[in-house]
Amino acid sequence: MIDLADFRKRPDAYRDAAKKKRVKIDIDAFLKLDEERRVLLHAVETKRAEKNKVSAEVPKMKGDDKAKAVAAMKELGAELKAGEERLKEIEVLWNDLQLRLPGIPLPQVPEGKDDTENKEIRKWGDLPKFAFEPKDHVTLGADLDIVDIPRGVKVAGSRSYILKGDGARLELAIHLFALDLLHKRGFTQLNPPVLASYDAMMGTSYFPGGEEQAYAVGVQQKRTEPITPDDLYLIGTAEVPVTSYHSGEVLKLSELPKRYVGFSSGFRREAGTYGKDTKGLYRVHQIQKVEQVILCEGDAAVSAKMHAEILANAEAVMQALKLPYRVVDVCTGDMGLGQVYKNDIETWMPSRNGYGETHSCSTFHDFQSRRLNIKYEAADGTKKFVHTLNNTCIATPRVLIPILEIYQNADGSVTVPEVLRPYMGGQEKIVCKTA
RNA sequence: GGAGAGAUGGCUGAGUGGUCGAAAGCGCACGACUCGAAAUCGUGUAUUCCCUCACGGGAAUCGAGGGUUCGAAUCCCUCUCUCUCCGCCA
């Protein structure tokens with residue numbers, strides 16, 4: 001949610017942002033509706049003030065005067081009701097549009113229509129060279145009996161998988177390594193619910209808009225308002241519960257920034273991606289993720305610093321794993337509604353012969369905190385909205401693609417990255433047990 | 001799943017139709033007293049929205065939504081949540 005006062009001052013900036021982000025919203029319609037709402041609101045409140053005033057005087061009146069006043073108020077009450085009803089109708093539309101107004105991208109964000117126009121800002125690591133014919137991760141996973149996709153599909157449908165044996169142990173090792181690294185860097189770990197309320201989904205701005213990407217519990221899909229019985233959604237990322245952790249709270253300046261790391265599964269319906277990335281572990285319905293979340297002072301310079309920090313953390317993990325990657329500035333058309341700056345880390349995946357997105361680092365400024373109502377008491381005693389940021393630290397199973405493919409050996413085994421060995425009892429290699 | 005109790009400001013807790021946005025206490029802030037502190041005394045202490053350059057004014061909010069009424073924290077209906085006990089369960 002954006003600052004409406006700011007919006008009214010410079011609607012063109014938001015018109016421009018909507019255009020660049022490819023957000024379909026009629027800014028002029030909203031301006032008109034907003035004005036209509038304010039006029040009507042004023043009229044209704046004036047009537048209400050009159051009614052309140054007279055009603056307060058009624059008990060002191062007697063006889064004729066009293067009867068007249070009551071009759072007049074009865075009439076006023078009817079008028080008021082009509083006005084209130086119209087106001088309510090307008091506010092439904094107003095509120096719906098308001099939630100779709102975009103955050104304004106920072107100046108450094110490149111303009112572009114989609115992910116093909118993201119801009120590479122740096123590269124790290126050397127691309128692997130194989131002296132043998134390398135296998136892809138699906139083949140490796142099957143041959144080593146550590147990734148069972150057919151049985152995953154049997155049990156839970158398409159885009160499902162089962163990590164098995166050393167594959168399962170490797171996954172956990174990756175997360176433990178990342179969690180340890182963030183622990184050492186001052187992050188507090190939260191293992192949150194993977195179920196979230198409508199408010200949490202809305203507050204983090206997954207809703208409205210992303211309803212069809214979320215699995216809903218006990219409710220039908222495609223809805224814009226909370227309904228019974230459960231009103232719970234499977235989260236796509238720990239960002240949702242962790243960012244919502246302090247919703248409705250006023251934090252002390254001295255306790256900022258809050259550095260949290262959420263560890264959870266995430267669930268995505270992947271609606272509308274039929275036929276896309278169907279093979280292997282790239283695009284699946286359930287992921288496991290170590291997610292960094294920051295709440296900091298509502299100051300662009302501070303959040304920029306935090307953005308760099310969490311991006312560096314993720315890069316540190318990739319470098320420790322010795323996986324070649326690049327960092328891109330995500331262009332306007334590929335950003336979310338509320339994001340003002342976003343970097344992706346893309347990791348080299350031999351089977352794709354290219355870089356594939358493995359991390360996403362986003363700065364929201366006060367877009368989420370306005371919806372979630374997370375404030376802090378500033379140095380001058382006023383209450384301001386915090387800035388929120390989040391970034392993947394590591395996510396599986398997608399990162400297993402580069403790990404398996406890059407660390408494979410000519411004999412079909414996979415070397416365990418050195419930094420992960422302590423988390424696998426010192427194991428150095430994953431070999432085929434049945435061969 | 002069964003039975004019961006409850007939801008009021010930062011907290012505790014009064015308040016069953018008319019200056020109640022809300023007593024009182026605690027907490028907190030400021031001031032007085034003090035060398036300083038404690039104690040004591042005094043003053044102040046919710047959020048959101050609208051109008052205004054500002055001073056200030058208005059509206060809404062006592063779990064949520066609806067209703068009755070000139071007027072609702074108080075009456076009626078629906079829902080949600082919390083707590084206790086029993087059952088079931090990782």
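Every chain is numbered from 1 and lettered A, B, ... according to where its sequence line falls, protein lines coming before strand lines.
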Among [options], which nucleotide has an atom closest to any side-chain atom of [X]?
X: A/Lys81; options: B/A60, B/U68, B/C49; value: B/U68
X: A/Val58; options: B/G58, B/C70, B/A60; value: B/C70
X: A/Arg48; options: B/U47, B/C49, B/A59; value: B/A59
X: A/Lys88; options: B/G18, B/G58, B/G66; value: B/G66

Partner nucleotide of [N] by Watson-Crick or wobble geometry (both distances under 3.5 Å):
N: B/A23; answer: none
N: B/A7; answer: B/U80
N: B/U74; answer: none
N: B/A32; answer: B/U40
N: B/U47; answer: B/A60

Distance test, side-chain N/O of [X] to OP1/OP2 of [N], below 4.0 Å:
X: A/Arg38; N: B/A59; result: no
X: A/Lys375; N: B/U48; result: yes
X: A/Lys383; N: B/U47; result: yes
X: A/Lys51; N: B/C70; result: no

### Task
For nucleotides B/C30 and B/C85, find the distance between their P atoms and express it as a whole number of Å.
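So the two P atoms sit 44 Å from each other.
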### Query
If we ignore angles and hydrogens, is there a donor and acceptor under 3.5 Å between the side chains of A/Thr204 and A/Gln368?
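No, no side-chain donor-acceptor contact under 3.5 Å.
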### Query
Does a donor on one side chain sit under 3.5 Å from an acceptor on the other, for A/Lys289 and A/Ser264?
no
### Query
Taking CG from A/Leu87 and P from B/A60, how many angstroms apart are they, rounded to a whole number?
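Distance, rounded to whole Å: 13 Å.
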### Task
Could you check whether the rings of A/Phe30 and A/Trp94 sit parallel, tilted or perpendicular, using 30° and 60° as the cut-offs?
parallel
### Query
Centroid-to-centroid, A/Phe207 to A/Tyr233, below 6.0 Å?
yes
### Distance flag, aromatic centroids of A/Tyr260 and A/His246, threshold under 6.0 Å
yes
### Query
Checking all strands, does A/Arg370 fall into the base, sugar-phosphate, or nothing category for heavy-atom contacts under 4.0 angstrom?
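Here A/Arg370 touches no strand at all.
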